[in-house]
Each structure stands twice: as C-alpha cells, then as structure tokens.
2 protein chains.
Amino acid sequence: MVRRTGDRATSGRVRVLALLLAEQRAITHHEIEERLSGGRRLDRVTLYRVLEWLSEKCLVHRVVNDDRVWRFRANAHSDTHQHAHFKCTRCTTVICLDDPQAAYDGPLPAGYRLQEIELTVKGLCAACA
Amino acid sequence: MVRRTGDRATSGRVRVLALLLAEQRAITHHEIEERLSGGRRLDRVTLYRVLEWLSEKCLVHRVVNDDRVWRFRANAHSDTHQHAHFKCTRCTTVICLDDPQAAYDGPLPAGYRLQEIELTVKGLCAACA
DNA sequence: TGACGTATTGCAACAAAGTTGCGTTTACTA
DNA sequence: TAGTAAACGCAACTTTGTTGCAATACGTCA
Ligand SMILES: [Mn+2]
Ligand SMILES: [Mn+2]
Ligand SMILES: [Zn+2]
Ligand SMILES: [Zn+2]
C-alpha cells in the first residue's frame, strides 16, 4: 500500500500503517508512539510527519475531537470517508460507526457549497454505560 | 442571565456573555480577547475560566474544529443543543446551522448510549466558493 | 552489488492553546 | 459597612503540534 503511492517505503511508514490497520479504531499520536516502543524507536516528529503523509495519501484519516487531540484510523474502508464517529464522554475512546448514515439533507445558506460531513455521536460506550 | 445561575455576576462574565450574544457566530478565545481590548483588560487565564464557566452553565457552547481551536457561541437558542455547524474549509469561518436536522438514526454497538450529536458540514462559504 | 542523489529522519528549538498554583481583589451576605 | 469565599491576575507549566537543518537511508542505475 505504501509503495503503491510512488513515494518511498520507509520502515516508519510501513510500521505505522500496519499498526493502524491492525487496530480497529482511531488512536492518538501518543498511543501509536507507545505501541511502537519495541523495535527501533521512531522520533515523535517523524511520527507526526508519517501520519501527515499517510493522511495525504488517503491511507489513513484524522478524527477530530474536542479534547484537541487528533486520532488516526486506517482507511480499510477505501471509498469516500462519509461515516460517523462515536466518542465516549467518559473514557474518551473513539470508534468509527461504519454506517452510510452520515448525510446532511438540510439547507445551507445561499452560495454555500458542501464538501464533506463530519458526524460525531457522543455518549457512553458499553464499558462506561 | 448570569445572576440567574446562582453564582457571582462578575464583570468578566457579563462582558463576555454580552459580547457573545451580540456576535452571531462562534468565535475563538483569541477573537474574544481582541474585542475586549477596550475597557478594563481581562487576563487571558480569566477569560479561559469565564468561558469554561459559561459552558458549564449552558449559557454558551463550544464548537469543535479540526484546527484544534475551540470556538464559543452564546446559547440564544435555549433548548438542547442539537443543531449542525458549517465550517468553511478555506477561510475557516464557522456558523451554526439552526436546523433541527442534526439527528442520528443509525445503530450503535450493543450497550452504547447516545448523549449528544455533533454534526459538522464542511465546504466553502459564499465568499470563498 | 555498490555508489549516488534526494527524500526522509532525528534532534533541538519553537509556537499555540490551554492549565495550575498561589497570593490579591471583588462580589455578595449579614 | 465588615467579613468571607469565590473569582481574578500573574508567572510558570503542560500538551500538542511545527520548523530548520545536518545526518541517514531508500531507490536507482551503473
Ligand atoms: Mn472513521
Ligand atoms: Mn451551535
Ligand atoms: Zn467509555
Ligand atoms: Zn469561507
């Protein structure tokens, strides 16, 4: 997947993408860093750059959250990223709701053009409920 | 409105809420600080605390954005905050779409409980389109 | 297989946004 | 109007992410 982009297949890119593909949810830069602790260490700046590159190449996407921390998830689901996210208000876990439900039919002000939709459902996860 | 909460009506709380009520959109801590420059200055830490207090008391709400900067808007619309936001991907302006459209009918994993919905529609505003 | 040029990395320093601790001031109460 | 707790101002700190630059490693081509 990394090589198919035409850019260099570095060990950082491969390891981070593999890790995110294995993980089935959106995780933070910090969590990724921890899981990478075995093996040759990856500088945190490099990790930021790897994640930015993976996002640009659409191999990964960012999930926004009101704790000001980005979360990243592999785009196993290849096509347009139009699904919703669930965020637990107690343990702050974020999962992807792989449901084509995320749509917006309502009106926009005149002249506004829609590009993308981001739906976050907040609540309690099973463990916290 | 401030006094009705039972807590103290300080000049900071009153000035910031008045400012946000006048403004018809979500603005940042930084923008609020600028608009407050006339009159007795308000320390930025105090402003953070005022905004936190206003949020707790539901006189204001936070709007999340992927630039990692919170925006605040007065809750003129009193009831539950269930509407959508529009964010221009070019000029980063955020507006509230006062439309009861923000709902989620899709399924959640077993045991999950829904509390609140946050829908962000991204695109270009009239000025940027 | 080995040398080469450039994309990528690691490090140190920086920046923005928000938080914490603590002594001083202010708003409410009596 | 005095007493008191809540709120404020300031300085220092934390977290999250960014920038500049010299060192290194990836992919290519001899
Ligand atoms: Mn997702
Ligand atoms: Mn709103
Ligand atoms: Zn939870
Ligand atoms: Zn715009």
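Every heavy atom of this structure was used, including side-chain atoms; hydrogens, water molecules and symmetry mates were not. Throughout, protein chains are lettered first and strands after them, A, B, ... in sequence-line order, and every chain is numbered starting at 1.
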Roughly how many Å is it from [atom1] in [X] to [atom2] in [N], rounded to a whole number?
{"X": "L47(A)", "N": "dG10(C)", "atom1": "CG", "atom2": "P", "result": "10 Å"}
{"X": "K57(A)", "N": "dA7(C)", "atom1": "NZ", "atom2": "C1'", "result": "12 Å"}
{"X": "E33(A)", "N": "dG10(C)", "atom1": "CD", "atom2": "P", "result": "11 Å"}

Point to revise | Any T10(B) side-chain nitrogen or oxygen under 4.0 Å from OP1 or OP2 of dC8(D) | key: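 Affirmative; the distance criterion is met.
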
So what does [X] touch, heavy atoms closer than 4.0 Å: a base, only the sugar-phosphate, or nothing?
{"X": "R13(A)", "result": "sugar-phosphate"}
{"X": "T46(A)", "result": "base"}
{"X": "V69(B)", "result": "sugar-phosphate"}

Practice item. Report the nucleotide, chosen from dT8(C), dT15(D), dT19(C), that has the shortest atom-to-atom distance to any side-chain atom of R68(A). Key: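 Nearest to the side chain of R68(A) among the choices is dT15(D).
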
Practice item. Using the closest heavy atom to pick a nucleotide of DNA chain D for each, name whichever of R8(B) or V50(B) lands nearer the 5' end. Key: R8(B)

Exercise for review: Please figure out whether R49(A) or F72(B) has its closest DNA chain C nucleotide nearer the 5' end.
Suggested key: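 The answer here is R49(A).
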
Check your understanding: Taking for each residue the nucleotide of DNA chain C with the nearest heavy atom, is it D43(A) or A9(B) whose nucleotide lies nearer the 5' end?
Key ->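 Here D43(A) is the residue nearer the 5' end.
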
Review point. What's the spacing between L124(B) CG and R113(A) CZ if we round to 0.5 Å?
Key: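 Atom-to-atom, L124(B):CG and R113(A):CZ are 5.5 Å apart.
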
**Study point:** Spacing of CD belonging to E34(B) relative to CD1 belonging to I27(B), to within rounding of 0.5 Å
**Key:**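 If we round to the nearest 0.5 Å, E34(B):CD and I27(B):CD1 are 9.5 Å apart.
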
Practice item. Would you kindly check whether a donor in the side chain of R44(A) faces an acceptor in the base of dG17(D), or vice versa, at under 3.5 angstrom? Key: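 Flag set: donor-acceptor pair detected.
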
Review point. Are side-chain heavy atoms of S11(A) and L42(A) found at a separation under 4.5 Å?
Key: no

Check your understanding: Which of parallel (below 30°), tilted (30 to 60°) and perpendicular (above 60°) describes Y112(B) and F86(A)?
Key -> perpendicular

